Number of protein chains: 2
Amino acid sequence: MEKITSLENAQVKKWNKLHQKKERDATGLFLVEGEHLIEEALKYDAVELILYEGECKFKDVPIQEVTEAILNKLSSNPSGTKYIGICHLPKKEVKQYHRILLLDGIQDPGNLGTLIRTAVSFSYDAIYCSKDTCDVLNEKVIRSTQGALFQIPIHYEDLKERILKLKEEGVYCVGTSLENATSMQEIPSQEKMAFLLGNEGNGVSKELLKETDINLRIEMNGFESLNVAVAGGIILYQYRKL
Amino acid sequence: MEKITSLENAQVKKWNKLHQKKERDATGLFLVEGEHLIEEALKYDAVELILYEGECKFKDVPIQEVTEAILNKLSSNPSGTKYIGICHLPKKEVKQYHRILLLDGIQDPGNLGTLIRTAVSFSYDAIYCSKDTCDVLNEKVIRSTQGALFQIPIHYEDLKERILKLKEEGVYCVGTSLENATSMQEIPSQEKMAFLLGNEGNGVSKELLKETDINLRIEMNGFESLNVAVAGGIILYQYRKL
């Protein structure tokens, strides 16, 4: 294809709109920057097109040469990037319900991305997010996942309904709370488990804590304050599939 | 004291310089924003002066009224703040060496702050950082600690020398690495332990991994990629003082 050189090009304008959630929701597409993330996306057939300037190291995938100015315009990195991938999320069915992560209103993109990365590292099967959780296709989330988002099904839906469904399917649903909760060491591992983490400021909503089978508390003896991605890491490791 | 109204006031200019590491190092002072962090600092006698506009909720501590424009100028929050504290770190001796955290070249302020918060939550005794670790008085670090930085001694020094000293004192020094390492479950808890975490991209430097008593690996069965603050959370919880 011919090199695109104009910032006013209709395609460029369309790609640039992918910085907006509305456009991502409408098209199912999003931008991914940098070689590492594009390589991860390629492993899972998630790349539609790669934009580059000069030489392109990627083969066997549609590529489109553009100018550096266009890459800079599309990049969310102030120092620019050599490659931008136009990607979609691979269709992934939830194959089993042995280990599930439930996220209630996580707001910080770094926390969401880190939790996704941790869930994949410990082989969790799926993630369900409340509708007010930060968008997984936000560029900061994508960066924090280090590419893990291509490897796990992630759904946005009503968590109360999801918890009720999981319980019907025999999944033991574990909330997290600092109050009225059982210490983690007293909660044995079970075949099918789901873990519910909450908003950075307010924790899991009370309404959801009522629906869980049990609520868990990480034992602390000092400050009683953990970042949600750290708390998630401790719990996801503790109950990882062996 | 009289209200300060000019952005050109010499004191205001001096406070504003505290955004620079050089000035913080020279004076031992730093800025803290928002009620929650100032309340934490007050608990540990770490506040020299509180700047406010209008009503001040803080009593029994030196206060200085300024204009909103001055608060905005000094604030690193785009939407401003109601209070700014001029603080120092409390002098804290390392009282015991039962649980120590060693940080080699952590770059991300959020990761450093989160690790400090986690160390305090699990009652660790001290943190030693390599000289190329991000400055603990960086405002993003302070925010991520949620105030935990007032509660634990934090030193910057040559980590190789520190590890050699700790070993002399009978502290079992545990490095972290993905390669040539022992899985965490095989490393029993000991009375005195130190844990060494490394840079986000490169991990712990090879030179330091040679000096430790053992190197630890968190068991993963998937993606083999954890954020350093999450890895730290899992390890610090696992070996917490009971």
Side-chain angles (χ1 to χ4, degrees), chain A residues 34 36-37 40 43-44 98-99 108-125 140 143-152 178 183-185 197 200-201 217-242, chain B residues 34 36-37 40 43-44 98-99 108-125 140 143-152 178 183-185 197 200-201 217-242:
Chain A
H36 170 68
L37 281 174
E40 288 297 317
K43 284 188 206 164
Y44 300 91
H98 287 155
R99 287 295 180 271
D108 182 79
N111 284 341
L112 178 58
T114 302
L115 283 163
I116 294 170
R117 182 177 170 191
T118 306
V120 170
S121 288
F122 295 130
S123 301
Y124 277 58
D125 301 309
K140 285 187 199 162
R143 223 179 304 136
S144 303
T145 68
Q146 295 274 317
L149 84 160
F150 299 111
Q151 297 187 52
I152 188 166
L178 287 173
S183 84
M184 187 161 76
Q185 297 306 319
L197 297 167
E200 288 84 353
R217 185 181 165 285
I218 295 174
E219 305 83 355
M220 285 178 266
N221 33 11
F223 191 53
E224 295 284 324
S225 165
L226 287 176
N227 166 282
V228 64
V230 170
I234 293 169
I235 296 168
L236 269 53
Y237 171 77
Q238 179 82 13
Y239 296 98
R240 72 195 181 281
K241 279 190 289 188
L242 294 174
Chain B
H36 170 68
L37 282 175
E40 287 297 316
K43 284 188 206 163
Y44 300 91
H98 287 155
R99 288 293 181 272
D108 181 79
N111 284 339
L112 178 58
T114 302
L115 283 163
I116 295 168
R117 180 177 172 192
T118 306
V120 171
S121 288
F122 294 130
S123 300
Y124 277 58
D125 300 308
K140 283 187 201 163
R143 223 178 306 136
S144 302
T145 68
Q146 296 274 316
L149 83 161
F150 300 111
Q151 298 188 51
I152 188 167
L178 286 173
S183 84
M184 186 159 77
Q185 297 305 320
L197 297 168
E200 289 83 352
R217 184 181 166 284
I218 294 174
E219 305 82 356
M220 285 177 264
N221 33 13
F223 191 52
E224 296 284 325
S225 165
L226 287 177
N227 167 282
V228 64
V230 170
I234 292 169
I235 295 168
L236 268 54
Y237 172 77
Q238 179 81 12
Y239 296 98
R240 73 196 180 280
K241 278 191 290 187
L242 293 174

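First the proteins, then the strands, lettered A, B, ... as listed; each starts at 1. Any value given below was found using the heavy atoms of this structure, including those in side chains, with hydrogens, waters and symmetry copies removed. Bear in mind the structure is a predicted one, so any value in this text is a computation, not a measurement.
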- Query: Checking heavy atoms, do the side chain of A:Glu40, its backbone, both or neither come under 4.5 Å from chain B?
  - Reply: side chain

- Pairs of heavy atoms under 4.5 Å with chain B: top-ranked of A:Ile235, A:Thr118, A:Leu236, A:Leu115: A:Thr118

Check for a donor-acceptor pair, side chain of [X] on one end and backbone N or O of [Y] on the other, with a separation under 3.5 Å.
X        : Y        : value
A:Arg117 : A:Thr114 : no
B:Arg217 : B:Ser183 : no
A:Glu200 : A:Asp108 : yes

- chain A heavy atoms under 4.5 Å from B:Glu219: which part of the residue, side chain, backbone, both or neither? both

- Side-chain donor-acceptor pair under 3.5 Å between B:Arg99 and B:Ser123, yes or no? no

